[in-house]
Amino acid sequence: MLVRPLRRLLGRPSAISYFHTTATSWASRKVIHKFKLADIGEGITECEVVKWSIKPLSTVQAFDPLCEVQSDKASVEITSPFDGVVKELLVQEGEIAKVGAGLCLIEVDEEIVEGSEPALPEPVQSSAVEIKRGEEKVVSPPPSSSEPAPVRRLHPLDPKNTSGGKLTNADGVHAAPSVRHFARQKGVDLTFLVPGSGKAGRIEKSDVEAYLTRGTESRSNDIPLVQQREDVVVELGRTRYGMWKAMTKSLEIPHFGYSTTLDLTALHEILPLLNTHIPSHYLPPSSRPTQPPSVNPSALYPAPTHAIPESQHFTRLTYLPVLLKTLAKAMIEWPLFRSSITPPSSSGAVSSKPSLTIRPQADISIALSTPTGLYTPTLQAVNDQSIYSLSAQLKHLSHLARQTPSGLSPKEMPKRGGTLTVSNVGAIGAGDFASPVLVPGGGVAIVAIGRAKWVWDVDRGDGKGERRLKVGVSWSGDHRVVEGAELAAFVECWRAYVEVPQRLIGEGV
């Protein structure tokens with residue numbers, strides 16, 4: 001019965017079979033992307049390209065290191081957000097790149113979707129396979145792959161990434177960027193050090209140093225030293241060049257110097273007592289008391305807990321945290337030394353006068369000499385902190401500053417900085433006094449603290465003299481806003497706290 005309708009259908013010459021498909025086909029096209037320098041920190045507008053890790057026409061994958069850039073505050077490794085071919089380097093090594101400007105050109109194979117919209121009907125002959133069986137035509141559709149497309153991990157800077165910038169470790173090596181940078185400098189492959197001694201197998205800098213020590217001990221110690229016989233020209237790095245510019249601008253500031261000594265004898269006598277009662281959460285786990293209290297303080301309600309990172313643990317107080325705390329006390333009494341200078345603006349035809357902004361808190365910057373240069377991180381609201389918390393923060397800043405590249409970030413180095421700067425030069429040399437230099441934006445004064453020494457003070461002991469512990473302090477004030485008499489009176493206010501530290505107890509520390 002079906003033969004007659006089939007013959008009628010085959011007898012119609014105008015009958016053509018059509019089929020409709022929405023199958024997705026993929027193609028690619030080459031697109032050149034200009035990779036721009038992203039904003040790597042608050043207040044950073046430009047960076048120096050220290051080193052390129054790739055060359056033109058090199059093939060890169062996502063997360064491969066492209067270059068290392070260094071700002072006034074930190075050194076950062078820039079990685080590629082794309083898979084592709086590097087066509088051109090727009091900024092050469094040693095040149096300055098502006099934030100938002102292009103670093104290089106990367107040619108990327110972008111996937112495009114063909115037929116994502118409903119397709120028009122197509123003749124079977126042009127897109128299907130025809131198999132003749134007698135007088136019948138059997139149409140077989142094109143094969144389609146049911147295998148899912150592989151999921152590609154996107155870089156945080158890839159425009160297609162919507163995961164919030166979360167990174168995963170592709171090489172199985174858990175290490176901080178500073179440790180990776182240090183290992184590259186020393187030519188150490190971190191895969192040989194897995195697992196590390198840190199938490200969850202994290203590789204620490206000490207692991208790399210131990211590896212290098214083992215390699216050095218295996219070498220002969222009879223290798224002669226190579227003597228330098230010719231002049232070597234060394235260009236200034238980014239941080240040291242920033243210091244060059246800052247010191248040049250410091251010549252615009254008229255300095256007023258004031259030097260004196262502070263008696264630390266009373267502070268020296270109470271320091272052992274303060275060291276005995278360091279709160280347990282500031283101590284390393286090995287130094288904390290192991291015996292539980294006889295009475296549980298959390299029996300009624302959970303007692304407050306303090307999560308202190310390992311980099312803030314310490315076992316001994318020094319004079320510096322106490323000097324900072326007493327300095328903050330004097331700053332609260334003297335609003336002038338809690339102020340920052342706003343220079344005059346020359347917008348339009350009328351120039352405004354400079355002004356002072358007085359802050360409610362005592363913000364103090366600390367000068368740190370690091371392997372990559374001089375940095376001045378800021379301790380904020382020192383007047384509200386305890387001596388122990390200041391010691392923990394100083395330990396943490398020192399830990400970050402010793403890293404290569406520097407681990408200091410805009411969080412530790414805010415754009416507005418402190419109103420006073422402290423340089424603890426006595427921790428390095430045996431000098432008593434110095435001539436600190438105040439730079440624009442560095443506050444209204446700076447003090448250099450020398451090394452504490454035991455001296456014989458003939459003015460004490462009814463003319464017989466006494467042995468006293470004294471330290472030299474050297475001040476430089478911005479003479480445009482600070483009078484000499486004001487600086488001297490402020491230092492005497494500070495002395496009253498330093499030489500009678502028991503005042504801190506009466507004022508609730």
What pairs meet the side chain to side chain donor-acceptor pair (under 3.5 Å) rule with one or both residues in residues 433-455, with sequence neighbours excluded? Asp432-Lys453
For Gln403, all residues meeting side-chain contact (heavy atoms from CB on, under 4.5 Å), sequence neighbours excluded: Ser178, His399, Leu400
Listed once per pair and sorted, the salt bridge (Lys or Arg N to Asp or Glu O under 4.0 Å) pairs that draw on residues 303-320, sequence neighbours left out: none
Return the set of residues passing side-chain contact (heavy atoms from CB on, under 4.5 Å) with Pro343 (not counting sequence neighbours), or none when no residue passes. none
For Glu93, check side chain to side chain donor-acceptor pair (under 3.5 Å) against everything at least two apart and list the hits. none
Enumerate the residue pairs fulfilling salt bridge (Lys or Arg N to Asp or Glu O under 4.0 Å) with a member in residues 275-296, sequence neighbours excluded, ordered by first and then second residue. none
Using distance only, find each side-chain donor-acceptor pair of residues 269-287 under 3.5 Å and give its atom names and separation, not counting sequence neighbours.
residue, atom, partner, partner atom, Å
Asn275, OD1, Leu317, N, 2.4
Asn275, ND2, Leu271, O, 3.3
Thr276, OG1, Pro272, O, 2.8

Salt bridge (Lys or Arg N to Asp or Glu O under 4.0 Å) partners of residues 379-405, not counting sequence neighbours, each pair once: none
Ignoring hydrogens and angles, write down the donor-acceptor pairs under 3.5 Å from the side chains of residues 468-480, residues two or more places apart or on other chains.
residue, atom, partner, partner atom, Å
Arg468, NE, Asp263, OD2, 2.9
Arg468, NE, Thr265, OG1, 3.4
Arg468, NH1, Glu466, OE1, 3.3
Arg468, NH2, Asp263, OD2, 3.3
Lys470, NZ, Asp457, OD2, 2.9
Ser474, OG, Ala434, N, 3.0
Ser474, OG, Ala434, O, 3.3
Ser476, OG, Pro436, O, 2.8
Asp478, OD1, Arg480, N, 3.1
Asp478, OD1, Arg480, NE, 3.0
Asp478, OD2, Arg480, NE, 3.4
Asp478, OD2, Arg480, NH2, 2.8
His479, ND1, Val482, O, 2.9

For Thr315, which residues count as a side chain to side chain donor-acceptor pair (under 3.5 Å) partner, sequence neighbours excluded? none
Taking salt bridge (Lys or Arg N to Asp or Glu O under 4.0 Å) as the definition, give me every residue that meets it alongside Arg240, ordered by chain and number, with sequence neighbours left out. none
Show me the donor-acceptor pairs, under 3.5 Å and distance only, between side chains in residues 416-427 and residues at least two apart or in other chains.
residue, atom, partner, partner atom, Å
Thr419, OG1, Phe337, O, 2.9
Thr421, OG1, Gly442, O, 3.3

